[in-house]
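Each ligand, and each atom within it, is numbered from 1 in the order the structure gives. These numbers come from a predicted model, not from an experiment.
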Amino acid sequence: MATLRLGDTAPDFTAESSVGTINLYSYLGDSWGILFSHPADFTPVCTTELGTAAKFKKEFDKRNVKMLALSVDGKDSHNEWIKDINETQNTEVNFPIIADEDRKVSDAYDMIHPKADDTFTVRSVFIIAPDKTIKLILTYPASTGRNFYELLRVIDSLQLTAYRKVATPANWKNGEKVVVSPSISTEEARTLFPKGVEEIKPYLRLTPDPSA
Ligand code: BEZ
């Protein structure tokens, strides 16, 4: 198994899930995707994460991002646990959870890190673009729940920078100034970004968010 890196094609798979059999590429269609693993059903941090993910679904939908969770528990377990998530997190789980009992998907995506735990998946996140290339990989340990505001923030950056010659600075949030890509001259930038280009250094140029 080769380690997946940014720019690699996301491995396709067909797997059981809480809502039946799912093929990744068919499920994603032309959308972006977020595939995220959690260690195990009926665990506290995972319960809060999946409840939060469900509450954020409308934000992922707005960004044309399809959600897909995964653990190595079976689909009956997932469906029992979903009842608890809905009850305790005051929500309704509204995306599939892959039941990766044979670890086929976890192995393809290198989601089991044996020195952390040789049985359960870590908290991996893969953001997949419409062309099926991997645009972001994050790995969190079991003890740390993920920040879903950060996942939306990074998706905003990935989507903006995929289509415009810009990059996003530290702590950037949607709508704030962006930096002009180092690959273009300031002169070219002034044509491309009619809202204005502020040249702080020849390599550090800011412009208002061109999509705002
Ligand atoms: C949790 O989701 O709470 C959890 C899962 C595995 C290990 C530690 C915490």
Side-chain angles (χ1 to χ4, degrees), residues 1-6 10-11 13-22 24 27-28 32-61 63 65-128 134-156 158:
M1 171 201 60
T3 305
L4 291 174
R5 293 184 171 164
L6 300 186
F13 59 79
T14 299
E16 280 308 307
S17 84
S18 54
V19 298
T21 307
I22 281 195
L24 177 70
Y27 176 68
L28 295 181
W32 289 69
I34 180 165
L35 171 65
F36 57 106
S37 59
H38 57 271
D41 295 357
F42 300 102
T43 52
V45 177
C46 300
T47 299
T48 63
E49 279 196 327
L50 290 226
T52 301
K55 288 177 188 161
F56 274 57
K57 181 169 182 292
K58 56 182 177 309
E59 292 298 326
F60 286 101
D61 285 347
R63 292 160 175 83
V65 179
K66 294 256 176 80
M67 304 168 74
L68 198 49
L70 175 148
S71 82
V72 295
D73 295 302
K75 69 174 179 195
D76 292 342
S77 165
H78 286 345
N79 282 317
E80 278 308 303
W81 181 42
I82 284 170
K83 292 180 198 163
D84 283 3
I85 299 170
N86 292 346
E87 177 197 325
T88 62
Q89 306 304 303
N90 193 25
T91 189
E92 194 119 337
V93 171
N94 42 17
F95 50 84
I97 308 176
I98 297 290
D100 191 35
E101 287 182 290
D102 62 4
R103 302 178 176 199
K104 197 173 63 185
V105 182
S106 317
D107 284 343
Y109 282 80
D110 196 20
M111 291 167 165
I112 295 177
H113 296 196
K115 288 182 183 161
D117 190 305
D118 59 9
T119 308
F120 299 117
T121 43
V122 292
R123 298 186 197 281
S124 297
V125 180
F126 291 86
I127 294 179
I128 302 167
I134 295 170
K135 297 299 181 194
L136 180 95
I137 302 173
L138 287 172
T139 309
Y140 278 56
S143 52
T144 306
R146 285 156 287 198
N147 183 326
F148 283 78
Y149 291 106
E150 169 59 8
L151 297 180
L152 293 178
R153 190 195 75 89
V154 79
I155 287 167
D156 287 338
L158 292 171

Quiz prompt | Stepwise side-chain contact (heavy atoms from CB on, under 4.5 Å) check, Leu4 with Phe126 | solution = CA-CA 10 Å; Leu4 291 174; Phe126 291 86; 4.1 Å; yes

Quiz item: Which atoms of ligand 1 have any heavy atom of Cys46 under 4.0 Å away?
Solution: 1 (C), 2 (O)

Practice problem: Answer yes or no: does atom NZ of Lys66 have more than 12 heavy-atom neighbours from other residues, nucleotides or ligands under 6.0 Å? | Solution: yes

Exercise. Please indicate whether any nitrogen or oxygen in Pro39 is less than 3.5 Å from any nitrogen or oxygen in ligand 1.
Key: no

Self-check item: Taking atom 4 (C) of ligand 1 as the reference point, the nearest protein heavy atom with its distance
Solution: Arg123 NH2, 3.7 Å

Exercise. Using a strict 4.0 Å cut-off to heavy atoms of Thr43, name the atoms of ligand 1 that fall inside it.
Key: 1 (C), 2 (O), 3 (O), 4 (C), 5 (C)

Quiz item: For atom 8 (C) of ligand 1, which protein heavy atom lies nearest, and how many Å away is it?
Solution: Ala142 CB, 3.9 Å

Self-check item: SB check Arg63 Glu59 (cutoff 4.0 Å)
Solution: yes

Quiz item: Among protein heavy atoms, which lies nearest atom 3 (O) of ligand 1, and at what distance?
Solution: Val45 N, 2.6 Å

Quiz item: Does Thr48 use its side chain to pair, donor to acceptor, with the backbone of Val45 at less than 3.5 Å?
Solution: yes

Quiz prompt | Glu92 (side chain) donor-acceptor with Asn86 (main chain) under 3.5 angstrom | solution = no

